[in-house]
Amino acid sequence: VQKQQFDWLLQHARTTHPDWPEAESVDVAIAWAADAGVRPKAIALSLGEPTTSRIRQRLHRIRERIGEDRAYALRIGTP
């Protein structure tokens, strides 16, 4: 179920912001999913990652960026 939630969030990011690069859509979907309680394992499965380590590292970088860049935080907001 959580994998499906992430898949939906990723598709939502892609369709509502088609001007964003693919990596940006994935980052935003990861942030939204984490805020919604989707586990990193479900995100990793959806993205074809064999482990959660890259997802956790990416989420850490995303959260740092959100904390440092208020405009970015407002722009990505939760759907």
Side-chain angles (χ1 to χ4, degrees):
V1 172
Q2 288 191 347
K3 181 185 176 300
Q4 292 171 334
Q5 288 175 316
F6 177 75
D7 291 341
W8 183 89
L9 289 167
L10 181 55
Q11 186 60 35
H12 183 70
R14 288 174 175 155
T15 58
T16 58
H17 301 285
D19 55 318
W20 287 355
E22 178 63 14
E24 183 83 3
S25 295
V26 173
D27 284 352
V28 169
I30 290 172
W32 289 344
D35 288 347
V38 175
R39 298 175 58 95
K41 181 65 175 175
I43 298 169
L45 286 171
S46 181
L47 296 177
E49 291 287 339
T51 67
T52 62
S53 61
R54 287 187 185 166
I55 302 303
R56 291 177 189 279
Q57 290 169 356
R58 196 167 181 173
L59 181 57
H60 179 75
R61 286 192 305 271
I62 295 164
R63 287 186 170 152
E64 282 182 337
R65 183 175 176 194
I66 289 169
E68 294 169 357
D69 186 346
R70 178 86 172 128
Y72 176 73
L74 293 172
R75 183 167 57 97
I76 70 165
T78 303

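Sequential numbering from 1 along the given sequence is applied to the chain's residues. What you see is a predicted model; the values in this text were computed from it and never measured.
The minimum heavy-atom distance between Gln2 and Arg39, with the atom names listed, is OE1-N, 2.9 Å. Looking at every heavy atom in both residues, Ile43 comes nearest to Ala33 through CD1-CB, 3.9 Å. When every heavy atom of Ser25 is checked against every heavy atom of Ala13, the shortest pair comes out as O-CB, 3.7 Å. The nearest pair of heavy atoms linking Ala31 to Leu59 is CA-CD1, 4.3 Å. Taking each heavy atom of Leu9 and Trp32 in turn, the nearest pair found is O-CZ3, 3.7 Å. Heavy-atom minimum distance, Ala73 versus Ile66: CB-CG2, 3.7 Å.
Using a 4.5 Å heavy-atom threshold, the side chains of Arg54 and Leu47 count as separate. Side-chain atoms of Phe6 and Ile30, non-hydrogen and from C-beta on, do get closer than 4.5 Å to each other. Residues Val26 and Trp20 form no side-chain contact, since every pair of their non-hydrogen atoms from C-beta on lies 4.5 Å or further apart. Taking the side chain as every heavy atom from C-beta outward, His17 and Asp19 approach each other to under 4.5 Å.
Salt bridge annotation for Arg58-Glu49: absent, with no cationic side-chain nitrogen under 4.0 angstrom from a carboxylate oxygen.
For the atom pair Ile62 CD1 and Gln57 CD, the distance stands at 11.5 Å (nearest 0.5 Å). In this structure, Ile76 CD1 and Glu24 CD are separated by 7.5 Å, a value rounded to the nearest 0.5 Å.
Remark: Gln11 engages Arg14, Thr15 in a side-chain contact (heavy atoms from CB on, under 4.5 Å) (not counting sequence neighbours).
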